[in-house]
Amino acid sequence: METDDSLLRRYSERRSRQGRLFVVSGPSGVGKDTVLAEFHKLLPDVLVCVTVTTRSPRPGESQGIPYTFVSVAEFNARVRAELFLEYARVNGNMYGTPREWVEEQRAAGHDVVLKIDVQGGINVRKQMRDAVMIFLAPPSVAELERRLRERLTETEDQIIVRLLDARSELQMMSSYDYVVVNDTVHGAAELLRAIVLAERARTADEDEEDAVASRRQSR
Ligand code: 5GP
């Protein structure tokens, strides 16, 4: 039988071997950026992935903040080169998650957060079965509508489309491991932090870890 010390050593080695992947999704306007910014202050060692988009930068945004902004031609070239872990059309623009960055950070032992839409989240889970799925939900649909209107970045038509999309995204909540209701930014960020800390203490599924490691080696 394995000694107690060797068992403890094995667990602590496994914990530091590969970073965890957290997917945070939620409807447009729910406050993902604000909550994640607050979460980052609470737990700065978790890296938030900068994803790639074809949409134009909004006022206050620039290259790398919060996206890598590329042309449609460049995005399509990256799709062909299979550089994305997943990609999707969201609100008429393309968004993609850089595969290599995610894999490199995890291999270096860093925990990573992907802030992506529900369809993207579900695609990531299919490829990375150990991804921890967190759904950020509004307290109510009426409150989501109020927040969307308040930020003044969408036209009336766009608000209506986003509310319809939100309703179908809410239906996917049960595919996620956790639901965090964004009642207050600080409360939601604290809950996210608690989830990450709990996941760090979770006993690992060795079969799944071995499968992930061998997939990576065979690529
Ligand atoms: P926005 O352009 O308003 O910042 O984001 C629009 C939506 O795209 C958000 O729901 C955001 O989470 C999602 N998104 C951002 N990056 C990605 C990505 O790489 N993949 C997918 N599937 N969705 C993304």
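Order of appearance sets the numbers: ligands from 1, and atoms from 1 within every ligand.
The ring of Y95 has its center closer than 6.0 angstrom to the ring center of Y67.
A search for ring pair (Phe, Tyr, Trp, His ring centres under 6.0 Å) contacts involving F135 returns Y176, not counting sequence neighbours. For Y178, there are no ring pair (Phe, Tyr, Trp, His ring centres under 6.0 Å) partners, not counting sequence neighbours.
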Could you walk me through whether I159 and T155 pass the side chain to side chain contact (heavy atoms under 4.5 Å, CB included) test, one step at a time? CA-CA 6 Å; I159 290 174; T155 62; over 6 Å; no
Show the numbers, then the answer: is there a side chain to side chain contact (heavy atoms under 4.5 Å, CB included) between E103 and E100? CA-CA 5 Å; E103 290 187 349; E100 199 172 75; 5.9 Å; no
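Under 4.0 Å from any atom of ligand 1, one finds heavy atoms of residues K32, T51, R55, R58, Y67, E86, A88, V90, Y95, G96, T97, K115, I116, D117, G120.
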Only distances under 3.5 Å count here; give the side-chain donor-acceptor pairs of residues 107-114 to other protein atoms, sequence neighbours excluded, each with its distance to 0.1 Å.
from, atom 1, to, atom 2, distance (Å)
D111, OD1, R20, N, 2.7
D111, OD1, R20, NH1, 3.0
D111, OD2, R200, NE, 2.8
D111, OD2, R200, NH2, 3.1

